[in-house]
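Positions are given from 1, in the same order as the sequence printed here. Please read these numbers as outputs of a predicted model, since none were measured by experiment.
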Amino acid sequence: MGKKLVIGSSGQIGVELIEQLAKDFGPNQVIAADIKSVSEGKTLGVEYITLDVLDKEKLFEIIKQHNISEVYLLAAMLSAIAEKNIQLAWDLNMKGLFNILDLAKEKHIKKIFWPSSIAVFGPTSPKLNTPQSTLLEPSTVYGISKMSGERWCEYYFLKYGVDVRSLRYPGIISYKSPPGGGTTDYAIEIFYAAINHGFYDSFIAKEVSLPMVYMQDAIRATMEIMQVERKKLTINSSYNLAAISFNPEEIANEIKLLFPEFQIKYSPDFRNNIALSWPSIIDDSFARNDWGWKHNFDLKKTTLEMVNGIKN
Ligand code: SER
């Protein structure tokens with residue numbers, strides 16, 4: 001068994017996935033790669049390297065040099081920021097994926113994790129209990145890249161036997177490393193604002209509900225889908241993954257139970273239109289049936305974890 005390479009290791013998910021992989025497999029089995037070199041927040045014993053996923057030659061060199069068998073490809077541009085950098089977002093999100101898929105097709109790596117997103121859904125997808133297979137007409141660059149990526153993952157699996165596994169992550173709530181430019185980021189900002197200023201101006205409207213998951217659950221889902229026997233997976237593209245769903249007013253009310261003085265105001269911007277094109281609640285019964293997915297963190301538990309985590 002070779003080592004595990006996490007690409008995008010300094011991002012919101014990367015930081016916590018590295019910790020978990022190091023805990024489960026030993027820090028010397030994990031290589032952390034990011035386009036930025038980092039000095040803080042490193043997991044002890046893990047080797048950190050600088051890598052641009054679009055640099056295929058260097059990627060290949062690293063995979064050979066470190067005897068990598070598994071790649072977690074987290075480097076991507078999220079929904080809101082991608083709308084302002086259309087070409088770059090498409091290049092990063094698609095070419096990065098092709099570089100990894102091709103290395104697996106050529107048998108240089110054995111297994112890939114690649115995250116998709118609720119952004120694959122669009123205005124014509126059902127909003128409630130959104131099924132695994134339904135109309136996918138995403139209206140954002142990010143969503144289009146994730147939807148296309150899903151198709152390519154399935155194609156590489158069916159045509160070349162590439163073992164690539166994927167989850168349609170909902171918005172991920174965490175405090176260790178900030179997210180970069182997503183629509184669901186409001187559900188993180190709101191905690192910092194409540195604790196530091198007692199006030200939050202939400203860019204998502206009061207009643208707009210989105211699917212979300214607490215980071216610890218998201219990491220566990222990732223570890224689980226990577227461990228399960230491939231023959232148990234009936235979805236070869238990307239699994240719907242659900243945990244909690246709430247709107248800004250509901251999360252604000254939960255925060256008010258801890259900070260009764262907390263005030264919220266609503267100034268929806270372009271990100272609200274993105275949110276409106278996404279589902280409110282998704283149906284993840286395939287994940288629950290195929291590999292026993294079950295979330296642990298409800299809104300109350302998530303709120304307590306976030307407040308304690310940020311305060312500490
Ligand atoms: N959290 C992402 C975003 O808001 C969705 O996958 O862009």
Side-chain angles (χ1 to χ4, degrees), residues 4-18 20-21 32-34 53 70-82 89-90 92-101 104 109 111-121 132 136 138 140-154 156-157 162-174 177-185 188 210-228 233 235-243 278-279 282 284 286-287 291 293 295:
K4 297 165 201 317
L5 172 67
V6 178
I7 301 174
S9 57
S10 308
Q12 186 199 7
I13 304 169
V15 168
E16 303 205 30
L17 184 63
I18 299 264
Q20 191 64 49
L21 289 168
D34 203 280
V53 68
E70 249 175 50
V71 173
Y72 296 76
L73 175 56
L74 306 178
M77 208 184 277
L78 290 182
S79 62
I81 190 165
W90 178 256
L92 174 63
N93 296 2
M94 295 311 298
K95 284 190 194 154
L97 174 61
F98 271 115
N99 284 349
I100 302 295
L101 287 174
I109 39 184
K111 220 192 249 184
I112 301 167
F113 177 78
W114 174 79
S116 185
S117 160
I118 51 164
V120 296
F121 300 111
Q132 174 69 40
L136 295 185
T140 62
V141 183
Y142 177 67
I144 297 169
S145 75
K146 289 294 180 187
M147 184 201 67
S148 314
E150 285 189 4
R151 296 291 87 226
W152 282 114
C153 286
E154 182 166 79
Y156 270 67
F157 172 72
V162 168
D163 188 0
V164 47
R165 302 171 182 212
S166 180
L167 301 170
R168 287 173 177 160
Y169 284 139
I172 302 181
I173 304 178
S174 70
S177 182
T183 300
T184 55
D185 295 11
I188 295 175
L210 289 169
M212 302 274 183
V213 63
Y214 186 60
M215 180 63 90
Q216 208 167 302
D217 276 338
I219 296 291
R220 189 168 47 78
T222 309
M223 302 299 286
E224 283 174 8
I225 198 175
M226 286 299 274
Q227 300 322 312
V228 75
L233 302 181
I235 301 297
N236 299 317
S237 53
S238 187
Y239 277 87
N240 276 9
L241 187 85
W278 291 350
I282 65 172
D284 63 350
F286 279 89
W291 45 277
W293 161 245
H295 70 282

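In terms of heavy-atom proximity, Pro279 sits nearest to Leu210 at O-CD2, 3.8 Å. Here the shortest heavy-atom pairing between Glu16 and Ile219 reads C-CD1, 3.9 Å. Of all heavy-atom pairs between Asn240 and Arg168, the closest is OD1-NH1, 2.8 Å. Nearest heavy atoms, Leu136 versus Met147: O-SD, 3.6 Å. When all heavy atoms are compared, the tightest approach of Gly14 to Val6 is CA-CG1, 4.4 Å. Taking both residues in full, the closest heavy atoms of Leu17 and Leu74 are given as CD2-CD1, 4.0 Å, listed atom of the first, atom of the second, then distance.
Considering CD1 of Ile225 and CZ of Arg220, their distance stands at 13.0 Å, rounded to 0.5 Å. Expressed to the nearest 0.5 Å, how far CD1 of Ile172 lies from CD1 of Ile188 amounts to 8.5 Å. In this structure, Ile18 CD1 and Ser177 OG are separated by 11.0 Å, a value rounded to the nearest 0.5 Å.
Glu154 has its side chain out of reach of Ile235: every pair of non-hydrogen atoms, C-beta onward, lies at least 4.5 Å apart. With a 4.5 Å cut-off on side-chain heavy atoms, Phe113 and Leu167 count as touching. Within the 4.5 Å cutoff, no side-chain heavy atoms of Lys111 are placed close to those of Ile109. The shortest side-chain heavy-atom distance between Phe121 and Pro138 does not fall under the 4.5 Å cut-off.
Side chain to side chain, Tyr169 and Thr222 meet the donor-acceptor criterion of an N or O pair below 3.5 Å. Side chains of Glu150 and Ser116: a donor-acceptor N/O pair is present below 3.5 angstrom, by distance only. In this model, a donor atom of one side chain and an acceptor atom of the other lie less than 3.5 Å apart for Glu70 and Tyr72.
Aromatic ring orientation, Trp293 versus Trp291: tilted (interplanar angle from 30° to 60°).
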